[in-house]
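Quick notes on the structure that follows.
Quick caveat, the model's predicted, so the values are computed rather than measured. Within every chain, numbering begins at 1; the chains are lettered A, B, ... in the order of the sequence lines, protein sequences first and strands thereafter.
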Amino acid sequence: MPNPREGACWAFILGSFEFFVYGWYPDTEKWRVNLSFILLIFAIVGVLKETLPGKKYWLWFAAAFPFIAAWLLLGGLGLQPVETSKLGGILLTIIIGVTGISFSLPIGIVLALGRRSNMPALKTVCVLFIEFIRGVPLITLLFVASTMLTYFLPPGSTFDLLMRVLIMVTLFSSAYIAEVVRGGLQGLPPGQYEAADSLGLTYWKAHRLIILPQALKISIPGIVNTFIGLFKDTTLVLIIGMMDIVGLGRARLNDPYWLGLAGELYLFIAIFFFICCFSMSRYSINLENKLSTGRRD
Amino acid sequence: MPENNLSTANAETIISITGMHKWFGDFHVLKDIDLEVKQGERIVICGPSGSGKSTLIRCINRLEEHQQGTIVVDGTELTQDLKNIEIIRSEVGMVFQQFNLFPHLTVLENLTLAPIWVRKTPKAEAEEMAMQYLERVKIPEQSKKYPGQLSGGQQQRVAIARSLCMNPRIMLFDEPTSALDPEMIKEVLDVMIELAESGMTMLVVTHEMGFATAVAHRVIFMDGGEIIEANDPDNFFNNPQNDRTKLFLSQILQH
């Protein structure tokens, strides 16, 4: 064994930590990333915590958050513009993960309702979309995003690679969410629809007040499972040349100064993903318990 | 006990079904149904299982779609027009065999949901009204509980109160006591009798012949998707005309 090491070298992680978090984000503008992270925490708390004073405004804020964050991170409207190619590391991982999660749930719900619709055209479109997306590996969709999409766009138009990737990841995940939610919808007794109908509730009111709250509750384990899968799959963007946390780590391993520290790197990355995914899992269990309304028998 | 021989002859017609047919695929489940219901009339529908009695009352609020003939409820004809269907549904209350309460909402929320979202009643007013109806079905103390925490009889009484909160002009009952343990049947029937006394128009699919004798103006016997016989309870039970009615009565009244 050539020169076995005595122990782990955490200086590698500590020394590169800032790089792993912010990627190539300009030093003078890092406060915008920090502010985005803080706002993200507020948005998450606003959505997840049931009892908050002014809950409605928290939800509005959470809905606006992706757009606020996009402005903060990319600049424009008075902020110095930052190119998306400067985004990397944990920042990029979280951008893709959070965007995918927050947009794929509503899109997935709409697809699930569409698939169960009585309108043949709408139903066909939803079925085709879901089956196509689910039948294709995410990697191929990402390659489509990185290469082929440009063929379909007008010549000379620039459609940001990150934006394309975000759209693909969101669509991919929403097809899975749609199927999970459809399972939840089918799990409801038909009597719930009939009771809502017999009270004169319209389709949308019945779904919003009666059907979806129950169907989503049944679907929580599947939805969170899909989210966890999505979050880990964000690492696949490495293959089309985007530098997420894995990509950055691998790049840094090639630095002659830090050669041979793969163990420390991957352990660090594993811990990062574990903390994120385990938190999601625990929250979902917590939510299921809170939402169970008791059975007498 | 409500007046059994109460005359409804002069009352206005509130439901009018003429020449109505319904098929489930190839199965002809309702055949040429004609039925007039007067305001304030109480009708009990009985018959062997599969005779189409539940399907008949489910056609009245369009939970099932009929394919031929006309159904006019309170002056509005049931067609594909969603607006008409919504109007009729908000005028017609329905109580189901399986209660169909909303398990994710408290009893009070179950009651106030439709008044708030369909009738646009202010929340405080809807809650006040809901509590009145819970008093009427004798379970005001359960208002903060979830349906899953109540007994079957209590759930069915909540379901009746939930329908009443919409101030319906007609109440449909689809075997309201069939899923209940015997000791709970009475508490539900008591509520229904009290409702009958208040003058509500009621169509009740049930096998509770004691209830039919006590409150019905008319008892309808269905078999094979047809109305075989309709008569006032006295004549219906003591002097049935049709052989199928006689057979059915002999089967259910034996024990």
Side-chain angles (χ1 to χ4, degrees), chain A residues 48 50-51 54-56 109 113 116-122 181 183-223 284 286-297, chain B residues 54 57-58 60-65 82-107 109-120 145-152 154-155 159 162-168 170-172 174 179:
Chain A
L48 300 189
E50 288 106 291
T51 48
K55 172 82 178 170
K56 199 168 90 183
I109 291 172
L113 293 178
R116 285 171 58 86
S117 162
N118 294 327
M119 290 178 248
L122 180 64
V181 172
L185 289 169
Q186 277 172 345
L188 282 195
Q192 292 292 308
Y193 291 89
E194 292 176 356
D197 283 348
S198 74
L199 287 168
L201 292 163
T202 60
Y203 175 89
W204 290 110
K205 281 179 188 163
H207 276 82
R208 183 178 144 201
L209 302 165
I210 311 294
I211 306 302
L212 283 175
Q214 295 184 67
L216 291 178
K217 184 179 125 189
I218 305 174
S219 316
I220 289 171
I223 290 174
S284 89
N286 182 308
L287 188 63
E288 279 172 57
N289 290 339
K290 244 182 226 160
L291 289 179
S292 75
T293 49
R295 292 259 169 261
R296 190 167 163 138
D297 43 352
Chain B
S54 287
I57 65 165
R58 287 160 61 88
I60 294 172
N61 66 351
R62 197 62 158 201
L63 289 186
E64 303 288 354
E65 195 180 327
L82 283 178
K83 205 85 220 131
N84 280 359
I85 295 174
E86 276 160 30
I87 292 171
I88 287 173
R89 282 176 175 166
S90 64
E91 297 296 331
V92 179
M94 187 167 213
V95 175
F96 300 86
Q97 184 177 356
Q98 298 296 339
F99 330 133
N100 295 347
L101 294 176
F102 305 130
H104 62 302
L105 301 176
T106 64
V107 166
E109 288 165 342
N110 265 278
L111 266 64
T112 56
L113 184 122
I116 290 173
W117 291 93
V118 180
R119 292 251 193 264
K120 316 275 180 225
K145 287 196 182 164
Y146 286 95
Q149 297 166 304
L150 305 182
S151 73
Q154 290 172 325
Q155 290 194 48
R162 179 176 70 178
S163 292
L164 292 177
C165 279
M166 287 293 282
N167 289 318
I170 302 162
M171 285 286 286
L172 309 173
D174 188 2

Is A:Glu288 paired with A:Lys217 through a side-chain N to carboxylate O contact shorter than 4.0 Å? no

In a check of side-chain contact (heavy atoms from CB on, under 4.5 Å) between A:Leu185 and each of A:Leu212, A:Leu216, A:Ile109, which one passes? A:Leu212

Looking at B:Glu86 and B:Arg89, is any side-chain nitrogen of the basic one under 4.0 Å from a carboxylate oxygen of the acidic one? no

Selection from B:Arg162, B:Arg119, B:Met166 maximising heavy-atom pairs under 4.5 Å formed with chain A: B:Arg162

Considering only heavy atoms and a distance below 4.5 Å, find which of A:Gly191, A:Pro189, A:Pro213, A:Ala196 pairs most often with chain B. A:Gly191

Does A:Arg116, at its CZ atom, have more than 12 non-hydrogen atoms belonging to other residues, nucleotides or ligands within less than 6.0 Å? yes

Considering only heavy atoms, which portion of B:Leu101 lies under 4.5 Å from any heavy atom of chain A: side chain, backbone, both, or neither? backbone

So, for B:Leu172 and B:Ile57, which heavy atoms are closest and what is the spacing to 0.1 Å? CD1-O, 3.4 Å

By a 4.5 Å heavy-atom criterion (distance strictly below it), what part of B:Phe96 contacts chain A: side chain, backbone, both, or neither? side chain

Quick one: of B:Gln97, B:Arg58, B:His104, who has the most non-hydrogen atom pairs under 4.5 Å with chain A? B:His104

Counting heavy-atom pairs under 4.5 Å to chain A, which of B:Asn61, B:Val92, B:Leu113 comes out on top? B:Leu113

